[in-house]
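This structure is a prediction, so every number in the text was calculated from the model and none was measured.
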Amino acid sequence: MSADVLSLATQNATLWTSDLFDAETRAEARALLEQGGDALIEPFYKDLDFGTGGMRGIMGVGTNRINPYTLGLATQGLARLRPSTFFHGTQRPFKAAIAFDSRNNSQSFARKVAEVLSANGVHTYLFEDLRPTPELSFAVRELGCDFGIVLTASHNPKEYNGYKVYWNDGGQLVPPHDSACD
């Protein structure tokens with residue numbers, strides 16, 4: 001482990017002990033800081049990558065984990081896009097559909113994502129119960145949404161969850177649009 005990596009992880013973890021975060025998150029970050037060393041590296045040494053289609057990772061506290069804060073940041077990136085950026089000058093409000101599966105925390109993560117979008121003036125459709133990913137793709141097209149998000153990590157171990165973004169054509173978000181969400 002390099003000193004630079006540990007220093008960055010420690011700096012990130014220290015931020016997560018501030019009042020910007022809820023009490024449970026602050027306590028977990030403090031516990032990791034007390035453990036120090038390797039306990040800090042994986043959760044805090046980098047930001048969770050947003051790549052083709054979205055992001056997935058282990059759920060937990062940290063910048064390199066799936067949690068309400070990392071999902072909120074990615075969602076804020078989507079909300080900052082404007083339809084005129086990619087949709088030929090249209091000035092209409094953004095619309096989004098959100099679905100979730102039975103994965104641990106998917107429903108609460110979907111609600112958080114919907115809250116962030118709504119707070120940004122994005123007209124948001126949130127499914128009331130579990131939906132398969134193809135139904136989200138259909139809903140995006142049927143409702144005339146600009147994008148959709150599904151909270152799922154179906155083929156990963158139970159410690160994981162994921163955030164997959166679908167564009168207005170019902171297909172996964174791909175370059176160059178995915179880089180706008182970093």
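Trp167 places none of its side-chain heavy atoms less than 4.5 Å from the side chain of Asp146. Looking only at side-chain heavy atoms (C-beta outward), Pro43 and Asn64 stay at 4.5 Å or farther from each other. Looking only at side-chain heavy atoms (C-beta outward), Arg26 and Asp19 come within less than 4.5 Å of each other.
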For this session: Decide side-chain contact (heavy atoms from CB on, under 4.5 Å) for Ile66 and Ile58; before the verdict, give the C-alpha distance in whole Å, the side-chain angles of both, and the deciding distance to 0.1 Å.
Result: CA-CA 6 Å; Ile66 292 284; Ile58 296 170; over 6 Å; no

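Cluster annotation: Val140 is not connected to Ile98 through the hydrophobic network of ILVMFWY side chains, with a link wherever side-chain heavy atoms come within less than 4.5 Å. A chain of hydrophobic side-chain contacts below 4.5 Å, direct or via other Ile, Leu, Val, Met, Phe, Trp or Tyr residues, connects Leu33 to Leu20. Neither Phe127 nor Phe138 shares a network with the other; the hydrophobic side chains, linked directly or stepwise wherever heavy atoms of I, L, V, M, F, W or Y lie under 4.5 Å apart, form separate groups for each. In the hydrophobic cluster analysis, where Ile, Leu, Val, Met, Phe, Trp and Tyr join through side-chain heavy atoms closer than 4.5 angstrom, Leu6 is grouped together with Phe44. Hydrophobic cluster membership differs between Val116 and Tyr166, with clusters built from Ile, Leu, Val, Met, Phe, Trp and Tyr side chains linked at under 4.5 angstrom.
The backbone N or O of Val122 lies less than 3.5 Å from no partner atom in the side chain of Asn120, so there is not a single donor-acceptor pair. One N or O on the side chain of Asn67 and one on the backbone of Thr70 form a donor-acceptor pair closer than 3.5 Å. Panel note: side chain Ser18, backbone Leu15; a donor-acceptor pair is recorded below 3.5 Å. Arg56 places no side-chain N or O within 3.5 Å of a backbone atom of Ala153 that could act as its donor or acceptor partner. Not one N or O on the side chain of Asn168 forms a donor-acceptor pair closer than 3.5 Å with the backbone of Arg141.
Shortest non-hydrogen contact noted between Phe100 and Ala110 is CD2-CB, 3.7 Å. Heavy atoms only, all atoms of each residue included: Gly171 and Asp169 are closest at N-OD1, 2.8 Å. Leu78 approaches Tyr163 most closely through the heavy-atom pair CD1-OH, 3.4 Å. Here the closest non-hydrogen pair linking Lys158 and Asn104 is O-ND2, 3.8 Å. Across every non-hydrogen atom of Cys145 and Ala96, the tightest pair is SG-C, 3.7 Å.
With rounding to the nearest 0.5 angstrom, the CZ atom of Arg65 is 11.0 Å from the CE atom of Met59. How far CG of Asn12 is from OG1 of Thr17: 11.5 Å, rounded to the nearest 0.5 Å. In this structure, CE in Met55 is found 10.0 Å from CG in Asp49, a value given to the nearest 0.5 Å. For the atom pair CG (Leu40) and CD (Glu34), the distance works out to 10.5 Å, reported to the nearest 0.5 Å. Between the CG atom of Leu32 and the OG1 atom of Thr14 there is a distance of 11.0 Å, given to the nearest 0.5 Å. To the nearest 0.5 Å, atom OG1 of residue Thr75 and atom CG of residue Leu73 are 8.5 Å apart.
In the model, Ser106 has a side-chain atom that pairs as donor or acceptor with a side-chain atom of Asn161 under 3.5 Å. Asp4 and Ser7 share no donor-acceptor pair across their side chains, judged by distance under 3.5 Å alone.
No option in Ile149, Thr152, Val150, Asp101 other than Val150 meets the side chain to side chain contact (heavy atoms under 4.5 Å, CB included) test with Leu136.
No more than 12 heavy atoms of other residues, nucleotides or ligands shown are found within 6.0 angstrom of NZ on Lys112. Environment of CD in Gln107: sparse, with no more than 12 heavy atoms of neighbouring residues, nucleotides or ligands closer than 6.0 Å.
For Phe21 and Tyr69, the ring centers sit closer than 6.0 Å to each other. The aromatic ring centres of Phe147 and Phe94 sit less than 6.0 Å apart.
By the ring-ring contact (aromatic ring centres under 6.0 Å, His included) test, Tyr160 is found to be paired with no residue, residues two or more places apart in sequence or in another chain being considered.
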